[in-house]
Amino acid sequence: MKILIANLGSTSLKWRLFDFAGGRETVLHKGGLERVTDHGAAIEECLATLKEQGAIAADADISAVGFKTVLAKGLSGCVRLDEVAVASMEAMNAVAPAHNPAYVSGVRQFARRMPGTPLVGLFETAFYQWAPEAAMRYAVPQKWHEAGIRRWGFHGASHKYIAERSAELLGREDVAERARQLYVDGGSSPVREPALRVISCHLGGSSSITGIRDGVAIGNSLGLSPQSGLPHNNRVGDLDAMAVPFAMRSLGLSLEDCERQLCKESGLFGVSGVSNDIRDVQAAAGQGNAAAQLALDVFVHEARRWIGAYLVELNGLDALVFTAGIGENRAELREAICRDLEHLGLRLDPDRNAGTRAVEAVISSDDSPVKVMVIPTNEELVVAREVKRLLDRGQPTLND
Ligand code: AMP
């Protein structure tokens, strides 16, 4: 069974083609296109490339196309993306303007181009379906809550991968199996004592931190929208709700100005005034740029704040995991985030940390009660596995 996972950005299409033949999970092809102006043309190019490279002989070799969809009104989990589902995604475009519109238009293009092929979305919110209600509720009037103004949490595919892989690496196959079965049984598979407590730090262009107990998420730093929690590349993180009306009145901004500035001109870029890429911000800070240093300091401060929150909720910690572009590659930031936490049982080994880049590794010292780990994430694999599971259940294709 060949499953194509399509990662749709507003100006990009990246893909991975998985083959599950013989019980294996093989990546047959990995590619991408940047500066895309028309997703339809990009899909055409993707399919042509897969044929040229011998990964497929015909479009029909692809059993399904899977998407790491962001959020939809009244919908989560792993679902068939028929027009009703796509319209539910569209209804939330304003909450995720950097992400949802690309999926809405891209999925519609796939439906036109591959009308007989099942299209399946694993929503980024899916991993938080079993988080405690108190962790997901904003203290807003009930009507707001019913309108969907609540914490949803995102980066679900990445944090679920970390839940599974960290448990495997820590020798807790029971917890790994619970994480694997999560979308089947909602985290009710038995695990043995003691609880496995993990904090997963997905630090990249978008960043979020999740507490995970026995393979099940207890919350996520991202709330209603992907513009919350830690500061992102060019998107704001947590912000007092009264900031928007105050900015509108005192700076004379329109609602659209506020939306644009919070979604495109904030985060690391907004504070540093230098770049939305942390490499550039670090380079500028190294040359004495105080605003760039402040952007890094804010990022580290917010990361520690969320780690602290989950440390308390989990009543201690077994492993702190770093993943994604910054988490896997930026040793200086990992060190800054882990600074002075020895009293909590967390001791980083400076040499292991400095020597680790984009590979699985333990970077704490041997005597550290809390293991600090780097685990490269694999979101596409998580999506592909769930798409396969959905197909194996034999549901009819919606766009046949
Ligand atoms: P992501 O969204 O996970 O691709 O992460 C993007 C962020 O991670 C950017 O701020 C990059 O500076 C940083 N990053 C990604 N890859 C690397 C790398 N190979 N080396 C250093 N930093 C990286």
Side-chain angles (χ1 to χ4, degrees), residues 5-16 30-36 68 70 96 98-99 102-103 124 154-162 165 200-210 220-222 225-237 263-287 289 291-300 302-303 321-337 353-361 363 373-383:
I5 303 301
N7 188 336
L8 292 156
S10 51
T11 61
S12 66
L13 169 66
K14 294 183 193 141
W15 65 83
R16 266 184 219 188
K30 186 175 159 183
L33 298 164
E34 303 282 348
R35 296 175 202 210
V36 165
K68 190 165 61 76
V70 184
H99 305 90
Y103 273 99
E124 288 285 68
F154 299 92
H155 286 152
S158 178
H159 290 300
K160 181 168 189 288
Y161 181 79
I162 299 303
R165 190 67 192 136
S200 169
C201 304
H202 176 114
L203 309 179
S206 292
S207 295
S208 80
I209 294 184
T210 284
N220 179 238
S221 59
L222 289 162
S225 80
Q227 286 77 238
S228 51
L230 278 67
H232 308 283
N233 53 1
N234 60 355
R235 289 171 289 119
V236 71
C263 295
K264 293 193 168 159
E265 298 167 22
S266 297
L268 290 172
F269 173 74
V271 180
S272 70
V274 170
S275 167
N276 58 14
D277 190 307
I278 208 144
R279 285 170 283 202
D280 302 334
V281 179
Q282 283 182 302
Q287 287 161 8
N289 182 321
Q293 185 58 52
L294 181 61
L296 299 174
D297 293 346
V298 171
F299 183 82
V300 168
E302 289 297 281
V321 182
F322 288 99
T323 194
I326 295 172
E328 292 167 26
N329 294 294
R330 309 311 290 180
E332 316 85 329
L333 282 152
R334 294 193 298 248
E335 190 188 327
I337 290 169
N353 180 43
T356 298
R357 228 182 151 131
V359 288
E360 281 184 353
I363 57 170
M373 306 163 93
V374 173
I375 303 180
T377 194
N378 197 340
E379 298 164 282
E380 291 80 7
L381 178 61
V382 169
V383 179

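What you see is a predicted model; the values in this text were computed from it and never measured. Order of appearance sets the numbers: ligands from 1, and atoms from 1 within every ligand. For this chain, numbers begin at 1 and follow the sequence in order.
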Could you list which atoms of ligand 1 come closer than 4.0 Å to a heavy atom of Gly205? 1 (P), 2 (O), 5 (O), 6 (C), 7 (C)
Check Lys68 with Glu380, please: is the shortest side-chain N to carboxylate O separation under 4.0 Å? no
Under 4.0 Å from ligand 1, counting heavy atoms only, is it the side chain of Ile326, its backbone, both or neither? both
Nearest to atom 15 (C) of ligand 1, what protein heavy atom do you find, and at what distance? Gly325 CA, 3.6 Å
Donor-acceptor check, side chain of His232 to backbone of Ser207, threshold 3.5 angstrom: yes or no? yes
Roughly how far apart are Leu203 CG and Phe322 CZ, rounded to 0.5 Å? 6.5 Å
Ile278 heavy atoms within 4.0 Å reach ligand 1 at atoms 10 (O), 12 (O)
His202, any N or O under 3.5 Å of ligand 1 N or O: no
What's the separation between atom CD in Gln282 and atom CZ in Arg330, rounded to the nearest 0.5 Å? 4.0 Å
Between Thr323 and Glu328, is the side-chain hydrogen bond (donor to acceptor under 3.5 Å, both in side chains) condition met? List the steps. CA-CA 5 Å; Thr323 194; Glu328 292 167 26; 3.2 Å; yes
Could Arg165 and Glu360 be called an ion pair, given the rule that one side-chain N must be under 4.0 Å from one carboxylate O? yes
Would you call Arg357 a ligand 1 contact, heavy-atom distance under 4.0 Å? yes
Ligand 1 to Leu203 polar contact by distance, N or O atoms, under 3.5 Å: no
So if I count the atoms of ligand 1 from 1 in the order they appear, which ones are less than 4.0 Å from some heavy atom of Ala324? 3 (O)
Which atoms of ligand 1 sit under 4.0 Å from any heavy atom of Gly204? 1 (P), 2 (O), 3 (O), 5 (O), 6 (C), 7 (C)
Side-chain (Ser266) to main-chain (Cys263) donor-acceptor, under 3.5 angstrom: no
Out of Thr377, Asn329, Asn276, whose heavy atom is nearest to atom 17 (C) of ligand 1? Asn329
Show me which atoms of ligand 1 lie under 4.0 Å from any heavy atom of Asp277. 9 (C), 10 (O), 11 (C), 12 (O)
Among protein heavy atoms, which lies nearest atom 21 (C) of ligand 1, and at what distance? Arg330 NH1, 3.0 Å
Nearest heavy-atom neighbours spanning Ser208 and Ser221: CA-OG, 3.3 Å
